[in-house]
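Heads up: the structure comes next, in structure tokens.
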Amino acid sequence: MTYFRKLGSKIEELIKLFNKNDRWLILLIGDPDALASAMALKRILARRVQAVGLAMVNEISRPDNLAMVRYLQIPIKRLTPPLAAQFDRFALVDSQPHHHPEFSHFNFSVVIDHHPPNAEHPVQADFKEIHPQYGANSTLLTEFLYNMNLKPGKHLSTALLYGIKTDTHSFEHTFHDADIKAFRYLSKSADHNILRKIVRSEFRLEWLRYFSYAFRKMRLLRDGLTVFMGPVDSTDILVILADFFLRVHDITWDMICGVSDKALVVVFRGDGIKDDMGRLAAKLFSDVGSAGGHKAMARAEIPLKN
């Protein structure tokens, strides 16, 4: 019995897309699971294509994400039209094309994701691997590396380990047996000193004012909590606050809202027991913007013009 599921036919299907003369750009929404997944796909593409680049559609501002990029030396750039024009083929990890408006400009050759598919927005790609039962997209990429006999180095193992840790909330949220197997497998070669440095980089000093403001603005709704923050410098603060308030006793869900880049952003968090946050986000906002996610966490972005 193999450690991970066998991906023989999938590997063959994927490798057929590679051409020595092609330049590939891997797109993502910058968070730990996506960054790790992009690093892993870059490792798979290495020596099989002419060049590989990584580009994100958002700005990274969370201290732990910045620490991850810094300590693990991730060569990520902000997506721009001039950058995209330098590449022939495009891949998407830890997202689907309908998750962000900037993705709509691309015809993707590869899509690897663990978020639930949307029947109204079916994924169109030459190769797609979508497994919503997995807790982290990093697990999917770890399986591909394992099946291709590509042993991840210290930095890649650390990135994938952190991706699994963050998206499963250290296995407190929904996860799959494969997530545990991948975590155990990667732990042997990861740099745990670097991992501790990344994990401990949680807050910026200037963000503390947002906590004070959120305490004044929060509204309790039975066992839930909502906060409208108004304009924020970064939507990352909405994620941090949503995670923070869910730690309060008797709070089983929260919705933290803010305005950034001409859009209303709503971050949903739940205990994963009673309510389905992904379904709630879609029900409330899918008709005016992009919305969806998992049972325990979701997000909606609505252009202010809507």
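One is the number of the first residue; the rest follow in order along the sequence.
Annotation for Q86: atom CD counts as buried by contact number, over 12 foreign heavy atoms lying within 6.0 Å. Around the CZ atom of R78, the shell of radius 6.0 Å holds more than 12 heavy atoms that belong to other residues, nucleotides or ligands. The local environment of CG in N107 is sparse, with at most 12 non-hydrogen atoms from other residues, nucleotides or ligands closer than 6.0 Å. The local environment of CZ in R279 is sparse, with at most 12 non-hydrogen atoms from other residues, nucleotides or ligands closer than 6.0 Å.
For the pair F4/Y185, a side-chain contact is recorded, criterion being any heavy-atom separation below 4.5 Å from C-beta on. Side-chain atoms of F127 and K10, non-hydrogen and from C-beta on, do get closer than 4.5 Å to each other. Y162 places none of its side-chain heavy atoms less than 4.5 Å from the side chain of S138. The closest side-chain heavy-atom distance from V57 to L27 is not below 4.5 Å. Annotation: side chain of I112 is in contact with side chain of L141 (closest heavy-atom distance under 4.5 Å). Taking the side chain as every heavy atom from C-beta outward, L225 and W253 never approach each other to under 4.5 Å. The shortest side-chain heavy-atom distance between V49 and K20 does not fall under the 4.5 Å cut-off. Between T168 and F171, the closest side-chain pair of non-hydrogen atoms falls below 4.5 Å.
The closest donor-acceptor contact from the side chain of D236 to the backbone of R62 lies under 3.5 Å. A donor-acceptor pair is defined here as one N or O able to donate and one able to accept, closer than 3.5 Å; no such pair exists between the side chain of N137 and the backbone of S37.
For F90 and F106, the distance between ring centers is under 6.0 angstrom. Checked against the 6.0 Å centroid criterion, the rings of F244 and F211 qualify as a close aromatic pair.
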Exercise. Which is it for E129 and R5 under the salt bridge (Lys or Arg N to Asp or Glu O under 4.0 Å) test, yes or no, and what are the steps along the way?
Worked result: CA-CA 13 Å; E129 181 80 349; R5 63 192 175 108; 2.8 Å; yes
For this session: Might you work through the salt bridge (Lys or Arg N to Asp or Glu O under 4.0 Å) test for D233 and R209, ending with a clear yes or no?
Result: CA-CA 12 Å; D233 295 332; R209 61 188 173 91; 3.0 Å; yes
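Tracing side-chain contacts under 4.5 Å through hydrophobic residues (I, L, V, M, F, W, Y), one reaches V265 starting from M218; they form part of the same cluster.
D113 and H115 get closest at one heavy-atom pair: OD1-ND1, 2.7 Å. Nearest heavy atoms, I302 versus N306: CG2-CB, 4.1 Å. Minimum heavy-atom separation, A242 to V267: CB-CG1, 3.7 Å. In this structure, L28 and F103 approach most closely via the heavy-atom pair C-CZ, 4.1 Å. Residues L156 and A40 share a closest heavy-atom pair of CD1-N, 3.6 Å. Heavy atoms only, all atoms of each residue included: A298 and M277 are closest at CB-O, 3.5 Å.
S201 and D64 are not linked by any side-chain donor-acceptor pair at a separation below 3.5 angstrom, with hydrogens and angles left out of the test. Defined by atom type and a distance below 3.5 Å, a donor-acceptor pair is present between the side-chain atoms of H131 and Q133.
Between D254 and R219 there is no salt bridge, since no side-chain nitrogen of the basic residue lies less than 4.0 Å from a carboxylate oxygen of the acidic one. Of the charged side-chain nitrogens involved, at least one lies within less than 4.0 Å of a carboxylate oxygen, so that R299 and E301 count as a salt-bridged pair. A salt bridge is defined here as a Lys NZ or Arg NE, NH1 or NH2 lying under 4.0 Å from an Asp or Glu carboxylate O, and K77 with E59 fails to meet this definition. Under a 4.0 Å N-O distance rule, the pair D223/K274 qualifies as a salt bridge. In this structure, K6 does not pair ionically with E12, as no charged nitrogen and carboxylate oxygen lie closer than 4.0 Å. Using a 4.0 Å cut-off between charged nitrogen and carboxylate oxygen, D275 and K295 do not count as a salt-bridge pair.
The only option from T139, D33, T142 that meets the side chain to side chain contact (heavy atoms under 4.5 Å, CB included) definition with L160 turns out to be T142. Here the rule is ring-ring contact (aromatic ring centres under 6.0 Å, His included) with Y134, and of H114, H294, H176 only H176 fits it.
Taking the six-membered ring where the residue is Trp, Y3 and Y146 present tilted rings, their angle falling between 30° and 60°.
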